[in-house]
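Each remark here refers to the structure printed beneath this line.
Quick note on labels: first sequence line is chain A, next is B, and so on, each numbered from 1. Given the structure is predicted, the values throughout are model-derived calculations rather than measurements.
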There are 2 protein chains.
Amino acid sequence: MRVGGVAYRTIWLAEDGRDVEIIDQTRLPHEFVTRTLSTLEDAARAIRSMQVRGAPLIGATAAYGVCLALRSDASDAALDAACDVLLATRPTAVNLRWALDEMRAALCSVAPPEREALAYARAAGIADEDVALCRAIGEHGAALIEAVVRDRGGSEPVNVLTHCNAGWLATVDWGTALAPIYAAHERGVPVHVWVDETRPRNQGASLTAWELQGHGVPYTVIADNSGGHLMCTGAVDLCITGSDRTTGHGDVCNKIGTYLKALAARDNGVPFYVALPYSTIDWSISDGLAQIPIEERDAREVSHIIGRSADGEMHEVAILPTGSPVANPAFDITPSRLVSGLITERGICPASREGLLGLYPERRGEADSPQNS
Amino acid sequence: MRVGGVAYRTIWLAEDGRDVEIIDQTRLPHEFVTRTLSTLEDAARAIRSMQVRGAPLIGATAAYGVCLALRSDASDAALDAACDVLLATRPTAVNLRWALDEMRAALCSVAPPEREALAYARAAGIADEDVALCRAIGEHGAALIEAVVRDRGGSEPVNVLTHCNAGWLATVDWGTALAPIYAAHERGVPVHVWVDETRPRNQGASLTAWELQGHGVPYTVIADNSGGHLMCTGAVDLCITGSDRTTGHGDVCNKIGTYLKALAARDNGVPFYVALPYSTIDWSISDGLAQIPIEERDAREVSHIIGRSADGEMHEVAILPTGSPVANPAFDITPSRLVSGLITERGICPASREGLLGLYPERRGEADSPQNS
């Protein structure tokens, strides 16, 4: 997507065709800084420090991290060591392990001298496949936004509410929840986005707002508390969020607070869609609330906030009384009954077992395994 | 309530019996600073700058502001001028006008030399009446908390979720939503409070957390997004919030985000109570969503946050991309169908016209006026 009129991905090759460039997302929204990764350690640090984040982007960065490692040593031992280093950066990221397995599978059967070139080709493939997935999600979802315009007529923008950042910054390009918005915008459909701030990490306020601003999509930032009121007053046509994990029955585990917006959407007759690639679907589980453990994150995310003060410097400030106890669950479960539909790369389906199996019939065996009965 | 083991109200007379002391709430939660008000202008500035806030406390401060004005000039003209100055500090505050009308009514019929003493007596009466109201709300509401312990047995604390600050800092003492919690705590009932941060003004994080900590009531601060998840997992026994305005049919206009918590409470079978004094009931309206205009506040409340940095200094930091559009509705409407009951100084009633008239039968004429049909 565009930043200041220039099209970017979140990760790309430098002019030499070997170094890797990324956007340092820890500087957003206050500064647009790109970083050059030249070594395995550079790539590992970028993931660890969250200069890159979002499951698909972490996977792509890890894939390129393998390429960087092989530049100095393409032996089996070096390949294994590189994968170990990269896997340890964010141990729970599913896409990270998947991307490293892909790289290792592609590389282990060829001789070391051929590995570097093959690694760059496979890493580019992983990145391009992610872009294609997200683009397909965007095309399918854009139809929902177009339908609002078609059904009600007029030239008023379609108001879409989103939570957290499931935009191009979390992927290689396009994003998941924001892909339908970008696709509609590209088609000339007037669209305006209500951006939830998304406390405590503020990914809406810092990342979603920044990327929409950069691409020229109209948006308005709101406190997480405001969405219910906006739905009551008819100011929201549609909600679209992402999903970190989706059960085989259509429950959605996403950023904390998603469930509250789904409740408000249901109470006000506002359609609530979730956009996701196949990789977030966990066919092995059926009941999100009972089966998905919720990560409890650092109290400091709630007790402190980082921002830019008038002198232009970044400051971290405390906002609680000293010594305040804090709870910080990072995700919540939106049950499938509150989800109007799932927007996937294969199309839109009901948030249910049969709905998902309609799009992914080849997964019926997994979905029917005994633990899902 | 207590601060560091010492009992305080939010407003009290200095040792000389004439100056007025307040807690500077703009310094909370980082510093406990009291201020001495010696003149009319001191009192007006304290209200205008929000060193004191909360409708009941604003009313009491205005009443004492009249006392301070009369110390230098007790003439009719000075009385009128003092009321004008004080009324202009927060033009929409209902209790401010009410308190000034009370003071003027008490003072205008006596000769100027007698006015100062009478003014101090009436101001003390206004403050004491507020304390009595809040204390009664606390006694009635504490029974709900005790009932949870009685019904389920055991010694686990009762978990109460609250939103914003409807505590003693917003009143003269005890508070409204927090009064039942303080009353239960005083009776030895184990209670723990989930404190919503309450973006964008953070009154939960800064004021509710501070006052519970000071009084020794166990609490945990959470992002506004977390309450739904906590209710899904059985971590909330009861919700209690305040109300800025209550319709004659039991709809509640309260701090933005209250509605989302009421939806989650309903979805999970968690009782959702609203605590309020009679003065917030607007018998002239029946439909909160249609009839209560929602104040849109300054964008800076969303785009910036004030806190204390590591050097101990207060800093305001920007958290949005420069130039981001912001919407900042300050309140939302929780429809009566989502409210389990209203906790008033006269007892607890259903959130309905008949429920309210059962406690306030003398208001039936107003509630039956043509515009409410």
Less than 4.5 Å to any heavy atom of chain B: does that hold for the side chain of [X], its backbone, both, or neither?
{"X": "A/Asp224", "answer": "both"}
{"X": "A/Glu316", "answer": "backbone"}
{"X": "A/Leu260", "answer": "both"}

In terms of heavy-atom pairs under 4.5 Å, which option from [options] contacts chain B the most?
{"options": "A/Ala223, A/Gly214, A/Ala205, A/Gly204", "result": "A/Ala205"}
{"options": "A/Val326, A/Leu289, A/Asp332", "result": "A/Val326"}
{"options": "A/Asp196, A/Leu263, A/Leu212", "result": "A/Leu263"}
{"options": "A/Ala264, A/Pro329, A/Ser324", "result": "A/Ser324"}
{"options": "A/Ala330, A/Gly227, A/Cys232, A/Ala310", "result": "A/Cys232"}
{"options": "A/Ser226, A/Pro218, A/Ser206, A/Pro335", "result": "A/Ser226"}

For chain A, find its close neighbours in residues 299-308 of chain B: heavy-atom separation under 4.5 Å, sorted by number, or none. B/Val302, B/Ile305, B/Ile306, B/Gly307, B/Arg308
For chain A, which residues from residues 159-170 of chain B have at least one heavy atom closer than 4.5 Å to it? B/His163
Any heavy-atom pair between the side chains of B/Val317 and A/Met314 that's under 4.5 Å? no
Do B/Ile333 and A/His229 touch side chain to side chain, with heavy atoms closer than 4.5 Å? no
Looking only at heavy atoms, the pair that brings B/Gln213 and A/Gly323 closest together is NE2-C, 4.0 Å
Indicate the atoms forming the closest heavy-atom contact of B/Tyr219 with A/Pro325, along with that distance. O-CG, 3.2 Å
Mind checking side chain to side chain donor-acceptor pair (under 3.5 Å) for B/Asp237 and listing every partner two or more places apart, or none if nothing turns up? B/Arg152
Between B/Glu197 and A/Pro200 (side chain of the first, backbone of the second, donor and acceptor by atom type, cut-off under 3.5 Å), is there such a pair? no
ring-ring contact (aromatic ring centres under 6.0 Å, His included) against A/His30, all qualifying residues, sequence neighbours excluded: none
So that I can tick it off, tell me whether B/Arg337 and A/Asp267 are bridged by a salt bridge, with the cut-off set at under 4.0 angstrom between side-chain N and carboxylate O. yes
Taking side chain as everything from C-beta outward and backbone as N, CA, C, O, which of these in B/Leu320 sits under 4.5 Å from a heavy atom of chain A? Side chain, backbone, both or neither. both
Can you tell me which of [options] forms the most heavy-atom pairs within a distance under 4.5 Å of chain A?
{"options": "B/Leu230, B/Asn328, B/Thr322, B/Leu338", "result": "B/Thr322"}
{"options": "B/Ser309, B/Ala209, B/Gly228, B/Ala318", "result": "B/Ala318"}
{"options": "B/Ile294, B/Thr198, B/Asn202, B/Thr258", "result": "B/Ile294"}

Would you compute the distance between atom CZ of B/Phe331 and atom CG of A/Asn225 and round it to the nearest 0.5 angstrom? 12.5 Å
